[in-house]
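Everything below concerns the one structure shown next.
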Amino acid sequence: MKRSRWFLAASTAFLWTLVAANVPTFGNAARVDDKPKPARNTSFNPLVKDAAAKIDDLVKAGYAKDKIFPTRLTTDEEFLRRVYLDVVGRIPTYEEAKAYLASKDPTRRQKLIDELLDSPGYVSHMYNYWADQLRVTARIRGDYAGEYPKWLKEQIAQNTPFDNFVYLLLTAEGKAKDNGAVGYWLRDNGMNLEITAQTTQIFLGTQIGCAQCHDHPFDHWEMKQFYEFAAFTSGITTRDRSMGGPAFREIRTKQQKGELPREVDQVLRNLIREEGYKVADTNTRGIRLPSDYKYDNGKPGETIQPRIIFNDDSKSLPEKFNREKFARWVVSKDNPLFSKVIANRMWQRVVGIGIVSPVDDFSDINKPSNPALLDYLAETMKKVNFDLKEYLRIVLNSRTYQLATNRDDYTKDNFRNQAAVLRRMTAEQIWDSFATITVDDLDERADNSQAYGGMMAMMGDTSDLDLSKMTADEMIKCAERLVADRRDRFRDRARETDNSRRGQFLPQITRASEVRQPAPPGHFLSEFGASDREAIGNAHTDASVPQVLHLVNGSGLANLVNRQSALMKNIAGAKDEKEKVEVLFLSFLSRYPNPTEMSVAINELKNNGTNGIENLIWALANTREFLFIR
């Protein structure tokens, strides 16, 4: 959408007029054998109410101690927008905002919380969070069909208790086509020391990675301790050693001589490579210290046995203390770090800052801002059996969560949980919010299997293949069948896609969770700070010039002013200028305009007609009120 000099001048003038018109500005052992059960609780359960009240009491106890005062309760408009963004990762639609604000039901907040926790948007938003922490990418060796991200989404949709979820990740074995959870180990294939550091950082909130090379300079962790902890998973291999022998050598010879058709050759190369990855435990026990180890508590090359290094637990372990038992210890209710870390992570997701911040830096020098509150939240997490929905239901029903944002400058040292933190939306929230205004069936556009795995994902079902038991001729025939199958799948998928998308407006617009990840450079998501998945929690909300260009003249704005967009159809259905302005404000800001805003906006529509609508859209999309969670 091209912008004339006149248009930009007029739009900018209108934006400043709107700001001046009072648009807010913002200076036990784990239950590993249990089957996942969907949440059946509601916000009306007395236990939820009592737990939420206890959270408020513990927060209030800190008010007098820190000599601070709580902020006011959020208005319905503020709560509506915040809870949508925190739970489902997008703003409410025009219809959702209008219906909620028209409701006189005194329990409307509780009902909305329950509705959102059980919606498809919850799965999408929670997946974005864990995909960032676990550094999920569209292409992981050994997972050509994208089984790992599929598995993650399934666990979230099934509301698998978090301890079970982590246990399944840490004990995963086999091939991705049979068990998507092995993607956790395939993501950093063969880098067991790095996986140890990441496991500790994500699930135990402790950064011990520095101790991989030397004693930690700012904490008490020693290099030897790191290797003692890494010894638990030192025997894991990710390669299938059965993928060798005469048949494979014969295939390689034919490939080198160019005796195979190009597509068959390509499929065989990919298939043999991908089928060569398999997560398994070996009989190896212990790990060797590096040859250049320099500390006096060990010798270079010395074999180190596994040991729990947390909580001063130096008890000797049984001879057969394997990965499965290690995983049970990690997720055990007797491990205080596990429950505290996940309780703190989920608190940070909806309040904006953790009681321990950063959330993955529990250490002697990084104390919690409210120790009693963190202890209670950890106990609450255990009482709900690590059901993240139930935990969030309690937090969202607390008065503390529903207080208006604290707009004062803060750091992790002076923030005392007196209110939620004013913060910019994440890249995924901005993307999904624009998509919400643009199309009216966003959550129904969930299937985007081509976002993961690439061309190999279209090969068809290979779950029953065992190449290690095939002759060279059998492998070639199998590849020929897969080539034909892939052609049929491409043709059928194209036909199905054409039929399902015929008449659908902008079919390429989906939730951020369905976009190929990480997004390529220059993509809206990457420009607005989505993680590149190279480091844990690598997303950011820093401002940049490309972000301004996207908001001023990007394709997202062009889509919004298209006559087929949900926004323009709602505007077309308005009976007069007043209702058109209400549609715009409810769509972008989830509230009705105040009298001054209404007067300014109506004048803009009367003076500039269709251009006035575009000016209003541009202005509202560029307000801080739209981009921030408050």
Is the shortest side-chain N to carboxylate O distance from [X] to [Y] below 4.0 Å?
X: Arg511; Y: Asp432; result: yes
X: Glu77; Y: Arg630; result: no
X: Lys150; Y: Glu147; result: yes
X: Lys580; Y: Glu577; result: no
X: Glu625; Y: Arg591; result: yes

Fill in: Steps toward salt bridge (Lys or Arg N to Asp or Glu O under 4.0 Å) verdict (Lys111, Glu115)
CA-CA 6 Å; Lys111 289 180 178 178; Glu115 177 186 335; over 6 Å; no
Exercise for review: Evaluate the criterion side chain to side chain contact (heavy atoms under 4.5 Å, CB included) for residue pair Met346 and Val395; output intermediate values, then yes/no.
Suggested key: CA-CA 9 Å; Met346 293 298 104; Val395 174; over 6 Å; no
Can you tell me if [X] uses its side chain to pair, donor with acceptor, with the backbone of [Y] under 3.5 Å?
X: Ser357; Y: Ile353; value: no
X: Asp441; Y: Glu444; value: no
X: Trp347; Y: Ile355; value: no
X: Asn366; Y: Asp361; value: yes
X: Thr71; Y: Leu403; value: no
X: Ser599; Y: Thr596; value: no
X: Arg423; Y: Val421; value: yes
X: Glu96; Y: Thr93; value: yes
X: Arg563; Y: Lys569; value: no
X: Gln547; Y: Asp542; value: yes

Heavy-atom pair with the smallest gap, counting every atom of [X] and [Y]:
X: Leu560; Y: Met568; result: O-CG, 3.1 Å
X: Arg345; Y: Ile202; result: NE-O, 3.2 Å
X: Ala530; Y: Ala427; result: N-CB, 3.6 Å
X: Thr541; Y: Thr426; result: CG2-CA, 4.4 Å
X: Leu584; Y: Ile571; result: CD2-CD1, 3.7 Å
X: Thr42; Y: Val48; result: O-CG2, 3.5 Å

Does [X] make a cation-pi contact with [Y] (under 6.0 Å, within 45 degrees of the axis)?
X: Arg109; Y: Phe79; value: yes
X: Lys389; Y: Tyr122; value: yes
X: Arg349; Y: Tyr129; value: yes

Rounded at 0.5 Å granularity, tell me how far [atom1] in [X] sits from [atom2] in [Y].
X: Ile91; Y: Arg82; atom1: CD1; atom2: CZ; answer: 16.0 Å
X: Ser119; Y: Asp443; atom1: OG; atom2: CG; answer: 6.5 Å
X: Leu396; Y: Gln402; atom1: CG; atom2: CD; answer: 8.0 Å
X: Arg399; Y: Ile55; atom1: CZ; atom2: CD1; answer: 14.5 Å
X: Asn397; Y: Lys49; atom1: CG; atom2: NZ; answer: 10.5 Å

With no hydrogens and no angle check, just 3.5 Å: does a side-chain donor-acceptor pair link [X] and [Y]?
X: Thr400; Y: Asp56; answer: yes
X: Asn159; Y: Asp387; answer: yes
X: Asp105; Y: Thr107; answer: yes
X: Ser513; Y: Asn128; answer: no
X: Arg533; Y: Gln517; answer: yes
X: Arg135; Y: Gln198; answer: yes

Does any non-hydrogen side-chain atom of [Y] lie less than 4.5 Å from one of [X]?
X: Leu586; Y: Leu101; result: yes
X: Ile437; Y: Tyr94; result: no
X: Pro149; Y: Tyr127; result: yes
X: Ile394; Y: Val384; result: yes
X: Arg424; Y: Phe528; result: yes
X: Glu95; Y: Asp440; result: no
X: Val87; Y: Leu392; result: no
X: Leu388; Y: Phe165; result: no

Using the test ring-ring contact (aromatic ring centres under 6.0 Å, His included), find all partners of [X] that sit at least two apart in sequence or belong to another chain.
X: His523; result: Trp431
X: Phe434; result: Phe626
X: Tyr100; result: none

Practice prompt. Given salt bridge (Lys or Arg N to Asp or Glu O under 4.0 Å), test Lys153 with Glu514 step by step and report yes or no.
Written response: CA-CA 11 Å; Lys153 291 175 183 176; Glu514 310 308 312; 3.1 Å; yes
- Task: Carefully, step by step, assess Ser43 and Asp114 under the rule side chain to side chain donor-acceptor pair (under 3.5 Å).
- Result: CA-CA 7 Å; Ser43 295; Asp114 292 342; 2.8 Å; yes
Would you check, one step at a time, whether the test side chain to side chain donor-acceptor pair (under 3.5 Å) holds for Thr160 with Gln155?
CA-CA 5 Å; Thr160 301; Gln155 302 311 305; 2.9 Å; yes
**OP:** Might you work through the side chain to side chain contact (heavy atoms under 4.5 Å, CB included) test for Leu551 and Leu627, ending with a clear yes or no?
**Re:** CA-CA 11 Å; Leu551 292 175; Leu627 292 171; 3.9 Å; yes
**Request:** Test side chain to side chain contact (heavy atoms under 4.5 Å, CB included) on Glu604 and Val600 and set out the steps.
**Result:** CA-CA 6 Å; Glu604 177 68 19; Val600 171; 5.8 Å; no
Report task. Verify side chain to side chain contact (heavy atoms under 4.5 Å, CB included) between Thr438 and Asn562, making sure each step is shown before the conclusion. Result -> CA-CA 9 Å; Thr438 305; Asn562 188 298; over 6 Å; no
